[in-house]
Amino acid sequence: MLVKIGTPVISILDQLGYKDTNMTIVTGGPMMGHSIPNIDTSVTKEMNALLLLPPVDELLETNCMRCGKCIKYCPAGLYPINIKNNINKKDKLKELNPNTCIECGLCSYICPARIPLRDYVVNAKQIVKEDK
Amino acid sequence: MKDYKTYNGPYIKTPDSVNKIMLRLLISLTPIILFAFYKNGIVPYQKGYLTEYGLVYPLLFILIPTITSYISELIINLIINCFKKDKKSFKYYLKQLHPIFPGLFIGLVLPYNTPIYLLVGAALIATILGKIIFGGFGKNIFNPALLGCIIIMYFFSSTISGMGGYFNSYELDTISSATPLSNAKVNGYYSTYDKMISNYGDLSDFATGTIPGSLGETSSILILCAFIYLALTKSIKSHITISYVGTVFILTFILGMINGMPLWFPIFHILSGGLLFGATFMATDPVTSPIGTRGGIIYGILLGILTTIIRFTSSYPEGVMISIIILNIFVPLIDKLDMMLNNKKILVLIPIIIMIIGLIYLFIPRSNTKDEVTIISRDVNNKQITYVATSQGNDDIIKAKIVIDNGIVKSYEILEIKDEYYSVVKNNKYIDKLINGQNNIEKVDTVSGATITSNAMKKILEYTINDYNNSKLGVKVGDKEIEVKETKNYEIIDKKISNGVTTYIAKTNSLQANIIIIINIKDNKITNMWFGNLNEYPVYDQTDLEYLKIVINAKYLETLIKNQNNIDNVDTISGATISSKNIKETVKDILKEHISAN
């Protein structure tokens, strides 16, 4: 569906017949996109897709089982789980280099314990930046 | 205006979850459990060694600790849940699969003859001491199952080995020796294929798993299948397994090359002692192993080195469990090294290399294959020497008194022993076995469950017999020289002559009582020989009757008649050495006496 930049999201949904949906609305791809709380926003040039995702029953987050998959799959070579464990220790966070994170979300995707690792890393990025 | 739900992060998630990984672990273990049931339940049952209870006992052996650890963790978690702020539902705890594994592994790893109450104890120790105390799943330092196993095996080792150790009832009857690795240790580590493997079949039996060992560890092929399945589904850290087994292979291969052993030697080491099981299921336990790939490889290499060292130097021949527990302590350190390596600080490798070299250095100078028997005193009296000798047992020195008379060991008495394993040896009537097998001591099996103790006792006897045989050649023994004097160990009770046939009725010494032999001689040839009737000459002792039966069954007298011109060359009967030797000497001497008298 071709849309002009500046079109409100609400009118796109209206066109498609999804105006009163319960689904989550995500702008961007399934990995790096953001979900939006209301549909009054308009389409920008960065918005490459609009996703409607059915409500998922989230599995509960469990303890980390140290499977090491987040480390294995991280394209930036980070240790996401260590960043999560040291989120309150600024000195250690600096050694862990969260700044190189590209926010791809693979760590959160792969984690069998359902830990939102990317959120922690993004948070750590912020902490390290503020400290400078 | 309607608000939509917002989430952070990726909007798709891997279908994998902790529970699913645990489920795959369970699936991969199922064939191993079934094989254990087949090997320890069905096979002995078919051969008639077991009742119906014994048939299902292997399954109970695995099930009981599994249920124990599941229920105990469930109860404790529910209690803790009451005090938590964010309470989780009962259903959530019920669904968790990880609580069963400490118990399941305990059933698969502990020796088969561990009493049930110890199994339950091990499962409770594993769950409470190994897991809950550290903060539950994901936070424990030690592998819970191994912690439980090691504590139980340390405190109750003599109880367990007294019940038969690793052997199921069929193996106790047929093999009745030691587990492959303690057998290798007793034989001085570098022995022949015959001594190290043939007791248990051949290498293919090591692969299929029909060798003695704990329930889970024996079937190498099934463990390999489980490993491939788990590695393909990415459920375990397979690099740890590969580096662990690879290191053990390389080290034992090098050791084998140095000592002139062929290729079966490293393969034997990989297939025995639960190495594959430990490397696949225990070392890769995600919680207690290093988190990164590099760390995992370092961990595997260190595990391999430690296991090899323990196998070749310590008094515990199976080194897998203890080395995994020891290296569990170093996991945080290895994690740190891993991270520094990630930041391209290559210098960190230096402590690792120093550690490896140090470990290898510790392990090279050890080779204790020399004789440790020392003779304290020799009392010479005619042809009889009374020895007092000592040897290093399992815990402390063993002191024994041995009387050798005329080349035959008359008595073997333990003067001093502090070993807890001695009761096992005693129950086995091992001293009687040694005395009966004295002509071929090498072939007397050691007692399973008390291998080191019984081997030390065997060594003492071997050493003193050698000493006696050497002293016979006129060599000075102690201060006195042995006088060689003809002694008779028989007595002619009666002698009758009728129709040119001379009949001797002779009494000869056996181990504890006398045996009556009746010999007919005609024209300087033995025509017939038989043993005296029990009612006529009531001098037999119950034990001697047993040996006499062996002699009769072996048709020993017939053999003697056949070879009467060359009696010296007739072998004695193993199992009734003293009796048959005395009979032989008696017959020989009487024939000689008869010929010289005519």
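A, B, ... follow the sequence lines: proteins, then strands. Residue 1 opens every chain. Side chains included, hydrogens not; waters and symmetry mates left out as well; all remaining heavy atoms used.
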Under a 3.5 Å distance rule, please check whether [X] uses its side chain to pair with a backbone N or O of [Y] as donor and acceptor.
X	Y	value
A:Arg66	B:Ser289	yes
B:Lys13	A:Ser108	yes
B:Lys20	A:Pro112	no
B:Asn342	A:Gly77	yes
A:Tyr109	B:Tyr11	no

Is the count of non-hydrogen atoms from other residues, nucleotides or ligands lying under 6.0 Å from A:Asp91 atom CG greater than 12?
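Atom CG in A:Asp91 is not packed in, count stays at 12 or less.
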For B:Tyr93, look at atom OH and say whether over 12 heavy atoms of other residues, nucleotides or ligands are found less than 6.0 Å away.
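For B:Tyr93, atom OH is crowded (more than 12 foreign heavy atoms under 6.0 Å).
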Tell me, side chain or backbone of [X] under 4.5 Å from chain B's heavy atoms, or both, or neither?
X	result
A:Glu103	neither
A:Leu106	neither
A:Leu117	neither
A:Met32	neither
A:Cys104	neither

Atom pair [atom1]/[atom2] of [X] and [Y] - distance to nearest 0.5 Å:
X	Y	atom1	atom2	result
A:Lys69	B:Lys237	NZ	NZ	11.0 Å
A:Thr62	B:Tyr92	OG1	OH	5.5 Å
B:Lys234	A:Ile110	NZ	CD1	7.5 Å

Can you tell which part of B:Asp335 gets under 4.5 Å to a heavy atom of chain A, answering side chain, backbone, both or neither?
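B:Asp335 touches chain A through side-chain heavy atoms alone.
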Contact leader toward chain B among A:Ile10, A:Val122, A:Val26, where contacts are heavy-atom pairs under 4.5 Å:
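Among A:Ile10, A:Val122, A:Val26, the one with the most close pairs to chain B is A:Val26.
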Can you tell which of A:Gly33, A:Cys64, A:Cys70 has the highest number of heavy-atom pairs within less than 4.5 Å of chain B?
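Top count of heavy-atom pairs under 4.5 Å with chain B: A:Gly33.
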Pairing residues for A:Thr27 by the side chain to side chain contact (heavy atoms under 4.5 Å, CB included) criterion, not counting sequence neighbours:
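Scan of A:Thr27 (side chain to side chain contact (heavy atoms under 4.5 Å, CB included), adjacent residues dropped) gives A:His34, A:Ile36, A:Met47, A:Leu50.
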Give the intermediate values and the outcome of side-chain contact (heavy atoms from CB on, under 4.5 Å) for residues B:Ile291 and A:Lys72.
CA-CA 9 Å; B:Ile291 198 161; A:Lys72 203 171 168 184; over 6 Å; no
Can you list everything that forms a ring-ring contact (aromatic ring centres under 6.0 Å, His included) with B:Phe137? Sequence neighbours excluded, please.
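With neighbours one apart ignored, the set is B:His98.
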Would you please name every residue forming a ring-ring contact (aromatic ring centres under 6.0 Å, His included) with B:His239, sequence neighbours left out?
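Not a single residue meets the ring-ring contact (aromatic ring centres under 6.0 Å, His included) criterion with B:His239.
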Which pair of non-hydrogen atoms, one from A:Arg114 and one from B:Ser17, has the smallest distance, and what is that distance?
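The answer is NH2-CB, 3.7 Å.
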Using a 4.5 Å heavy-atom cutoff, which residues in residues 21-30 of chain B come close to chain A?
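Result: B:Ile21, B:Met22.
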